Amino acid sequence: MIRILADRDVALYASHLSDGAVDGSFELPQEIDFSSLVEAKCKWTLLGKVLWVKRWFRSATALFPKGVDLRLPLWSKYGCHMNDKGSVTIPCSAFLRRYDTVVKYVFHESAHLYLSLSEHYESLLALDKLFIERYGDREKAICLTPVEYFASGLSILLLERAAAYLGEDVAAERLLMQKGVEERKLAHAITAFGQKK
């Protein structure tokens, strides 16, 4: 995949997607601190979720060594997102969801931020732009742009590793359930994308 990024070969990326053969290529650090999930398990009130999100972005220094500009507005037109300057926005409406959904949102935005710090990010963005120009009219293409695809893949890995950290626990089961939701969403998008108009 790194070669596809370096060459900005959008046709090859798309063909690998259709074949289901795009590999991860981006790895997560081994030393990610998931302890904030243990501390927060019994505190999933609205305030508890907000405090957990703040703790997560402060403690996950293996992912974001230079810290995070975190914004928690009442509302956001774009929902949970990371902007071009690397600021992560989690609107208050997200905290009305169940805790495992909040964790999934946060892990997805964490994956975006982690990717943005990669030495390959500029090539990833360039490939993303080419992909949208060439395949943007295909069904589910927006879920499979290189940036979204790899962010989804990394967030799935984060959910898996967080669940393993929590062990045999209801919280772990719910994170694995969210992992399954994300895997099915990606698989469905790949299938739909492969069915040309």
Side-chain angles (χ1 to χ4, degrees), residues 24 26-64 67-83 86-117 140 142-145 147-192:
F26 291 95
E27 295 181 5
L28 292 168
Q30 286 302 314
E31 61 278 3
I32 299 170
D33 181 6
F34 292 107
S35 63
S36 62
L37 282 167
V38 175
E39 296 162 13
K41 273 195 303 188
C42 300
K43 303 174 186 174
W44 288 111
T45 60
L46 182 68
L47 180 60
K49 287 180 265 193
V50 170
L51 292 175
W52 171 74
V53 169
K54 289 181 176 181
R55 268 197 310 276
W56 166 256
F57 282 109
R58 275 197 315 268
S59 65
T61 53
L63 289 170
F64 332 112
V68 180
D69 177 21
L70 177 64
R71 299 173 186 199
L72 304 173
L74 288 174
W75 181 82
S76 168
K77 178 180 178 181
Y78 303 106
C80 298
H81 68 281
M82 184 195 83
N83 68 17
S87 295
V88 173
T89 296
I90 311 285
C92 287
S93 57
F95 297 108
L96 300 176
R97 306 298 298 270
R98 202 169 70 181
Y99 84 92
D100 50 308
T101 304
V102 174
V103 173
K104 176 177 70 174
Y105 292 159
V106 168
F107 282 2
H108 187 82
E109 298 314 317
S110 295
H112 272 292
L113 187 56
Y114 180 67
L115 281 173
S116 75
L117 301 173
K140 300 291 183 183
I142 201 67
C143 301
L144 299 174
T145 67
V147 169
E148 276 305 313
Y149 180 85
F150 288 114
S152 293
L154 288 175
S155 67
I156 286 167
L157 285 176
L158 282 168
L159 287 165
E160 182 179 276
R161 285 176 56 181
Y165 181 88
L166 291 172
E168 299 294 324
D169 183 282
V170 173
E173 288 175 16
R174 288 184 172 169
L175 294 184
L176 289 175
M177 181 193 71
Q178 292 293 350
K179 174 181 177 275
V181 167
E182 292 304 291
E183 288 171 332
R184 288 189 296 276
K185 190 190 304 179
L186 268 185
H188 174 69
I190 289 169
T191 300

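Only heavy atoms go into these numbers, but all of them, side chains included; no hydrogens, no water, no symmetry mates. Computed from a predicted structure; not experimentally measured.
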K.L.:
Is any side-chain heavy atom of K54 less than 4.5 Å from a side-chain heavy atom of L72?
P.N.:
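A side-chain contact under 4.5 Å exists here.
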K.L.:
Could you check whether any side-chain heavy atom of T89 comes within less than 4.5 Å of a side-chain heavy atom of N83, counting everything from C-beta outward?
P.N.:
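When only atoms from C-beta onward are counted, N83 and T89 do not touch, as no gap falls below 4.5 Å.
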K.L.:
Evaluate the ring planes of W56 and F34, with Trp represented by its six-membered ring, and classify them as parallel (under 30°), tilted (30 to 60°) or perpendicular (over 60°).
P.N.:
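Rings of W56 and F34: parallel, as their planes differ by under 30°.
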K.L.:
Taking all non-hydrogen atoms of both residues, which atom of P73 and which atom of S76 are closest, and how far apart?
P.N.:
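That would be CG-CB, 4.5 Å.
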K.L.:
Any donor-acceptor pair under 3.5 Å linking the side chain of K49 with the backbone of R97?
P.N.:
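Checking the backbone N and O of R97 against the side chain of K49, a donor-acceptor pair under 3.5 Å is found.
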K.L.:
Could you pull out all residues at least two apart from E173 that satisfy side chain to side chain contact (heavy atoms under 4.5 Å, CB included)?
P.N.:
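Result, side chain to side chain contact (heavy atoms under 4.5 Å, CB included) vs E173: none returned.
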K.L.:
Are H108 and C80 side-chain neighbours, meaning at least one heavy-atom pair lies under 4.5 Å?
P.N.:
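No; the side chains remain at least 4.5 Å from each other.
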K.L.:
Tell me every residue that passes ring pair (Phe, Tyr, Trp, His ring centres under 6.0 Å) with F95, counting only those two or more places apart in sequence or in another chain.
P.N.:
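Per chain and number, F95 pairs via ring pair (Phe, Tyr, Trp, His ring centres under 6.0 Å) with no residue.
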K.L.:
So, do P91 and Y78 sit near enough that their side-chain heavy atoms are less than 4.5 Å apart?
P.N.:
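With C-beta onward as the side chain, the pair stays apart.
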K.L.:
Do R161 and Q30 make a side-chain contact, defined as non-hydrogen atoms from C-beta onward lying under 4.5 Å apart?
P.N.:
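Result yes, sub-4.5 Å side-chain heavy-atom pair found.
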K.L.:
May I ask you to test the L113-L63 pair for a side-chain heavy-atom distance under 4.5 Å?
P.N.:
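No, too far: nothing below the 4.5 Å cut-off.
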K.L.:
Residues two or more places apart in sequence or in another chain: which of them pass salt bridge (charged side-chain N to carboxylate O under 4.0 Å, His left out) with E148?
P.N.:
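With neighbours one apart ignored, the set is empty.
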K.L.:
In sequence, state the C-alpha distance, the side-chain angles, and the governing distance for Q178 and F107, and then conclude on side chain to side chain contact (heavy atoms under 4.5 Å, CB included).
P.N.:
CA-CA 11 Å; Q178 292 293 350; F107 282 2; over 6 Å; no
K.L.:
Can L154 and Y114 be said to form a side chain to side chain contact (heavy atoms under 4.5 Å, CB included), step by step?
P.N.:
CA-CA 9 Å; L154 288 175; Y114 180 67; 3.9 Å; yes
K.L.:
Look at E182 together with K185 and state whether they make a salt bridge at an N to O cut-off of under 4.0 Å.
P.N.:
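Counted as a salt bridge, because a side-chain N and a carboxylate O are separated by less than 4.0 Å.
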